[in-house]
Amino acid sequence: MNYIFYFLIVFSIIAGALNGKLPDVVSSVLSGADLAVKVAFSLIGIMAFWLGMMNIAQKCGLVSLIAKVIQPVTKKLFSEIPENSPAAGDIAMSFAANAFGLTNAATPIGIKAMEELQKENTDKSSASNAMCMFLAMNTAGFQLIPAAVIAVLVGAGCKNPTEIIAPTLVVTTIAFFAAIFMAKLFQKFWTPQGGKQ
Amino acid sequence: MNTLSLWALPAIILIILTTALVKKVPVYEAFTEGAKDGFHTAVNIIPYLAAIIVAISMFRASGCIELIGQVLAPVLNRLNVPADVLPVIIVRPLSGSAALGLFSEVARSAPDSYAAKLAAVMIGSSETTFYVLTVYFGSVGISKLRYALPVGLLADFIGILAAILVCNYM
């Protein structure tokens with residue numbers, strides 16, 4: 001992330017100067033910082049709601065029930081998570097929310113899953129293998145119905161907007177399994193966390 | 001299709017509340033206890049979001065994306081990728097709203113074209129990788145991402161190739 005941050009900013013300033021877009025680059029610093037706060041604040045309400053709901057789900061044993069049901073899968077993907085950890089239930093629920101296109105619910109539940117994973121993390125400042133696997137599954141963006149995309153197509157006057165559902169499902173499945181495979185592969189070759197795995 | 005997404009949310013809420021009723025969990029107390037962390041968690045993400053959103057805004061304003069587009073254009077021409085889909089591909093992992101905006105421009109100029117279909121499949125099958133990584137890792141205060149970013153971007157890349165292949169044959 002250090003290199004990415006450095007690369008993005010330094011290249012932007014150099015390219016902006018060469019393209020004559022330096023004023024735009026300068027004003028984007030302020031608008032970007034402003035946007036960061038707006039995005040975070042827009043999360044507060046929905047975050048509070050779903051963290052509240054998830055607390056009920058955890059207290060009545062729903063999260064650990066889901067965790068138990070999907071245990072065969074979690075054992076394979078997240079070998080570090082101990083049995084009966086609430087993290088597995090949170091991961092499954094966030095994944096389900098994502099698949100059904102409930103982005104508003106998926107983010108808070110996913111963050112709760114991260115908090116559970118952080119409790120079991122041996123080095124609190126760096127990402128555990130389980131976190132990397134969870135994020136790989138998440139950034140692959142598995143979704144059953146691409147509602148936002150279909151809405152845009154309908155708005156643009158596309159004759160057959162649902163035509164994209166089947167190819168999107170095929171591609172998102174390929175990308176999803178590719179992400180899991182990559183995470184497993186990188187886990188083997190990347191420097192282990194804090195020198196031990 | 002719309003009924004599925006419409007009912008998913010109420011169904012989850014009903015299942016949670018009904019189970020709580022059966023197990024005699026005090027729902028109001030449990031809800032407010034959990035919701036208390038909402039503000040704290042959202043505010044915790046701000047430093048990470050500020051770093052990434054500022055860097056990405058600068059990058060987009062500088063014209064770098066058009067530059068990358070020019071470099072990649074010959075390669076993508078060979079893969080049968082229309083020129084106006086290219087910016088969508090580059091912006092997708094950086095900013096979800098910007099990618100959707102670019103896509104709606106493509107769709108509006110030719111709603112039933114191959115370009116619109118390809119861009120639609122690409123956006124529908126991927127996520128805003130940088131945003132997801134920033135928010136999720138930021139929420140627990142992790143700044144060393146290890147291999148999470150390369151894995152995310154590689155999976156995005158495979159998704160793009162898959163989208164091109166599938167759209168050519170489906």
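Here is how names work: the chains are called A, B, and so on, in the same order as the sequence lines, proteins then strands, and each is numbered from 1. Keep in mind it's a predicted model, so treat the numbers as computed, not measured. Computed from heavy atoms alone, side chains included, the values below leave out hydrogens, waters and symmetry copies.
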Report the option among [options] that has the most heavy-atom pairs separated by less than 4.5 Å from atoms of chain A.
options	result
B:G63, B:G124, B:G34	B:G34
B:F59, B:Y131, B:Y136	B:Y136
B:T128, B:I46, B:V121, B:I45	B:V121
B:P47, B:G38, B:G138, B:A50	B:G38

What residue in [options] has the most heavy-atom pairs under 4.5 Å with chain B?
options	answer
A:G110, A:A33, A:A179, A:S128	A:G110
A:W50, A:F41, A:F7	A:W50
A:A15, A:A183, A:A48	A:A48
A:V149, A:L65, A:D24	A:V149
A:P108, A:A140, A:P146	A:A140
A:G52, A:G32, A:A36, A:A148	A:G52

Toward chain B, the part of [X] with a non-hydrogen atom under 4.5 Å:
X	answer
A:E163	side chain
A:I9	both
A:N160	backbone
A:T107	both
A:I13	side chain
A:N19	side chain
A:F177	neither
A:I4	side chain
A:L135	side chain
A:F142	neither

Task: Expected output: side-chain A:N138 to main-chain B:V132 donor-acceptor under 3.5 Å - done: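 The answer is no, because no donor-acceptor pair under 3.5 Å joins these two groups.
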How about [X]: does its [atom1] atom have over 12 heavy atoms from other parts shown lying under 6.0 Å from it?
X	atom1	result
A:L30	CG	no
A:Y6	OH	no
A:K124	NZ	yes

Measuring from [X]:[atom1] to [Y]:[atom2], what's the distance to the nearest 0.5 Å?
X	Y	atom1	atom2	answer
A:S126	B:L145	OG	CG	9.5 Å
A:N55	B:K36	CG	NZ	9.5 Å
A:E115	B:N44	CD	CG	8.5 Å
A:K21	B:C64	NZ	SG	9.5 Å
A:I164	B:L118	CD1	CG	11.0 Å
B:R146	A:C132	CZ	SG	5.5 Å

With heavy-atom distances below 4.5 Å as the criterion, would you say the side chains of [X] and [Y] are in contact?
X	Y	answer
A:M53	B:L17	yes
A:M131	B:F137	yes
A:T191	B:Y147	no
A:T139	B:F130	no
B:E33	A:L51	no

TODO: From the options B:V27, B:T19, B:V22, select the one residue that forms a side-chain contact (heavy atoms from CB on, under 4.5 Å) with A:C60.
DONE: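 Per the side-chain contact (heavy atoms from CB on, under 4.5 Å) rule, the option paired with A:C60 is B:T19, out of B:V27, B:T19, B:V22.
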Open item on the list: Given B:V140, which partner from the list A:E116, A:K119, A:Q118 fulfils the side-chain contact (heavy atoms from CB on, under 4.5 Å) test?
Closed with: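 The option that passes is A:Q118.
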Open item on the list: Is B:Y48 in contact with chain A via its backbone, its side chain, both, or neither, using a 4.5 Å heavy-atom distance?
Closed with: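 Neither the backbone nor the side chain of B:Y48 comes within 4.5 Å of chain A.
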- [ ] Give the cluster check for A:F5 versus A:F11: same hydrophobic cluster or not, with ILVMFWY residues linked at side-chain heavy-atom distances below 4.5 Å.
- [x]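 Per the 4.5 Å side-chain linkage, A:F5 and A:F11 are not co-clustered.
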Which atom pairs, one a donor and one an acceptor, fall under 3.5 Å between side chains of residues 149-166 of chain B and the rest of the protein, sequence neighbours left out?
from: B:D156; atom 1: OD1; to: B:T129; atom 2: OG1; distance (Å): 3.4
from: B:D156; atom 1: OD2; to: B:T129; atom 2: OG1; distance (Å): 2.5

Task: Nearest heavy atoms of B:A42 and A:I44, plus distance in Å - done: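 That would be CB-CG1, 3.4 Å.
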Open item on the list: With a strict 4.5 Å heavy-atom criterion, list every residue of residues 95-106 of chain B that contacts chain A, or say none.
Closed with: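 Residues B:L100, B:F103, B:S104 are the ones that qualify, each having a heavy atom under 4.5 Å from chain A.
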Open item on the list: Please determine whether side-chain contact (heavy atoms from CB on, under 4.5 Å) holds for the pair B:V54 and A:L35, giving the CA-CA distance in whole Å, both sets of side-chain angles, and the decisive distance to 0.1 Å.
Closed with: CA-CA 8 Å; B:V54 166; A:L35 183 64; over 6 Å; no
Open item on the list: Is the distance from the ring center of A:F49 to that of B:F31 below 6.0 Å?
Closed with: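 Under 6.0 Å, so yes.
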